[in-house]
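As the structure lists them, so they are numbered: ligands from 1, and atoms in each ligand from 1. All residue numbers in this chain count up from 1 along the given sequence.
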Amino acid sequence: MSKSTPHIKPENNPIAETILLPGDPLRAKFIAETYLEDVVQFNEVRNMFGYTGTYKGKKISVMGTGMGIPSIGIYSYELIHTFGVKNLIRVGSCGAMQEGINVYDVIIAQGASTDSNYVAQYGLPGHFAPIADYSLLARAKKLADKKGVPNHVGNVLSSDIFYNANKEATDKWRSMGILAVEMESAGLYMNAAYAGGDVKALGIFTVSDHLLTHEETTPEERQTSFTKMMEIALEIVE
Ligand SMILES: O=P(O)(O)O[C@H]1O[C@H](CO)[C@@H](O)[C@H]1O
Ligand SMILES: O=c1cc[nH]c(=O)[nH]1
């Protein structure tokens with residue numbers, strides 16, 4: 001019988017060891033249709049579309065994760081533990097928090113701070129710092145520079161809250177050097193760390209809006225036009 005989980009039912013379609021993970025399942029569809037050859041769809045449960053194909057001869061999958069750590073927590077756990085995925089690269093949008101960062105710049109998340117309680121499950125005797133895999137991070141930085149894509153490497157905030165009632169929260173995170181806010185990477189990094197061994201994770205983002213300047217992009221642009229980030233992610237794993 002083919003492997004399946006409550007949320008991923010590939011029905012014998014393959015899932016590659018390397019997967020790109022946008023929050024939006026329609027961004028997954030766009031990446032598959034734009035960049036992959038010989039594409040098969042491996043998931044449609046809850047419309048969380050997943051596809052596998054080849055990119056420059058390499059087998060690669062792409063799948064939506066939904067929004068927030070609980071959602072990416074489920075999908076990345078199942079991809080790692082049931083389907084043997086080894087390289088998980090989130091390709092998301094984020095809101096910039098610092099001056100000197102512009103809409104459409106790329107952010108590479110060296111670390112992912114969080115206001116989530118996801119880490120509590122591990123019962124650690126202290127505070128855990130969710131970080132990216134260094135080999136994926138170093139390659140992403142090198143590729144971004146080579147392509148001439150304006151990019152920033154550092155700490156992001158993976159927040160549980162999009163509409164935050166605490167109006168001081170952004171300023172406090174900004175004062176600690178947080179580059180941008182998104183909603184999933186800390187959970188992804190924790191799942192990769194918990195899996196141990198050779199499971200690697202990285203978050204790469206395109207800045208969709210700026211929390212200081214209030215510049216923003218449209219939902220259509222978010223779905224399709226973040227191509228520089230997508231191309232970096234597709235080329236990271238050799
Ligand atoms: O564009 P995606 O990948 O969904 O990422 C960002 O956008 C969503 C919020 O609008 C959150 O999921 C956040 O992390
Ligand atoms: O989570 C997110 C994503 C984009 N922009 C934001 O302000 N927050």
Side-chain angles (χ1 to χ4, degrees), residues 7 19-32 34 46-51 61-76 79 88-99 101-109 111-116 118 130 132 140 152 154-174 178-191 201-234:
H7 313 99
I19 193 161
L20 267 55
L21 299 171
D24 182 354
L26 292 179
R27 196 180 311 140
K29 186 167 187 278
F30 173 83
I31 293 170
T34 308
R46 291 176 181 246
N47 281 345
M48 200 55 79
F49 306 132
Y51 307 86
S61 294
V62 54
M63 181 181 171
T65 64
M67 292 186 278
I69 288 176
S71 192
I72 199 169
I74 290 171
Y75 290 112
S76 58
L79 288 166
L88 299 97
I89 303 161
R90 169 160 154 67
V91 281
S93 60
C94 69
M97 282 195 184
Q98 302 287 344
E99 286 171 12
I101 300 178
N102 298 307
V103 170
Y104 290 114
D105 283 3
V106 162
I107 306 281
I108 303 169
S113 299
T114 189
D115 53 22
S116 152
Y118 197 77
H152 312 265
N155 206 350
V156 302
L157 169 64
S158 301
S159 182
D160 278 351
I161 310 164
F162 190 89
Y163 299 108
N164 200 332
N166 178 357
K167 300 304 173 199
E168 291 172 8
T170 297
D171 282 342
K172 287 190 171 171
W173 287 112
R174 181 186 296 132
I178 296 293
L179 300 180
V181 58
E182 54 88 57
M183 301 180 73
E184 293 84 16
S185 295
L188 177 65
Y189 288 1
M190 285 187 234
N191 271 0
L202 177 68
I204 310 178
F205 316 94
T206 304
V207 175
S208 59
D209 52 278
H210 203 300
L211 275 58
L212 288 177
T213 64
H214 305 295
E215 239 189 309
E216 55 183 31
T217 54
T218 66
E220 292 73 30
E221 286 171 322
R222 287 173 205 206
Q223 189 182 314
T224 60
S225 69
F226 294 172
T227 50
K228 296 282 190 296
M229 161 185 72
M230 294 169 188
E231 287 158 19
I232 291 166
L234 285 162

**Prompt:** Are the side chain of Glu184 and the backbone of Ile69 linked by a donor-acceptor contact shorter than 3.5 Å?
**Reply:** no
**Asked** Picking from Ile101, Leu157, Asn155, what satisfies side chain to side chain contact (heavy atoms under 4.5 Å, CB included) with Leu179?
**Response** Ile101
**Item:** Met67 atom CE, over 12 foreign heavy atoms within 6.0 Å
**Value:** no
**Item:** Residue among Asp209, Thr206, Ile107 satisfying side chain to side chain contact (heavy atoms under 4.5 Å, CB included) with Cys94
**Value:** Ile107
**Request:** Considering only non-hydrogen protein atoms, determine which one is nearest to atom 8 (C) of ligand 1 and report residue, atom name and distance to 0.1 Å.
**Result:** Met67 SD, 3.6 Å
**Prompt:** Between Phe205 and ligand 1, which part of the residue brings a heavy atom under 4.0 Å of the ligand: side chain, backbone, both or neither?
**Reply:** neither
**Message:** To check your reading of the model: name the closest protein heavy atom to atom 7 (O) of ligand 1, its residue, and the distance in Å.
**Reply:** Ser93 OG, 3.3 Å
**Fill in**
In this structure, atom 2 (C) of ligand 2 is nearest to the protein heavy atom Val181 O, 3.6 Å
**Asked** Under the criterion side chain to side chain contact (heavy atoms under 4.5 Å, CB included), which of Thr65, Leu21, Ile89 is the partner of Leu188?
**Response** Leu21
**Prompt:** With respect to atom 3 (O) of ligand 1, which of Glu182, Glu184, Arg90, Met183 exhibits the smallest heavy-atom separation?
**Reply:** Arg90
**Prompt:** To which protein heavy atom is atom 7 (O) of ligand 2 closest, and what is the distance rounded to 0.1 Å?
**Reply:** Asp209 OD2, 3.2 Å
**Request:** Find all atoms of ligand 2 within a distance of less than 4.0 Å from any non-hydrogen atom belonging to Met183, and give their numbers and elements.
**Result:** 1 (O)
**Complete:** In ligand 2, the atoms that come under 4.0 Å of a heavy atom of Leu211 are 7 (O)
**Request:** Assess the side chains of Tyr118 and Asp160: does a donor N or O sit below 3.5 Å from an acceptor N or O?
**Result:** no
**Prompt:** What atoms of ligand 2 come within less than 4.0 Å of a heavy atom belonging to Glu182?
**Reply:** 1 (O)
**Request:** Can you sort out which atoms of ligand 2 are near Ser93, meaning under 4.0 Å from one of its heavy atoms?
**Result:** 3 (C)
**Request:** Starting from atom 10 (O) of ligand 1, locate the nearest protein heavy atom and write down its residue, its atom name and how far away it is, to 0.1 Å.
**Result:** Phe162 CE1, 3.6 Å
**Prompt:** Between the side chain of Ser185 and the main-chain N/O of Ser158, is any donor-acceptor distance below 3.5 Å?
**Reply:** no
**Message:** Show the atoms of ligand 1 that are less than 4.0 angstrom away from any heavy atom in Gly92.
**Reply:** 3 (O)
**Asked** Do Phe226 and Val91 have side chains that get closer than 4.5 Å, going by heavy atoms?
**Response** no
**Item:** Mode of Cys94 contact toward ligand 2 - side chain, backbone, both, neither (heavy atoms, under 4.0 Å)
**Value:** backbone
**Heavy-atom check, side chain of Met97 versus side chain of Thr170, under 4.5 Å** = yes
**Asked** What about Gly23: any of its N or O atoms under 3.5 Å from an N or O on ligand 1?
**Response** yes
**Prompt:** atom 8 (N) of ligand 2: which protein heavy atom is closest, and how many Å away?
**Reply:** Phe162 CE1, 3.6 Å
**Message:** When you measure from the side chain of His210 to the backbone of Gln98, do you find a donor-acceptor pair of N or O atoms at a distance under 3.5 Å?
**Reply:** yes
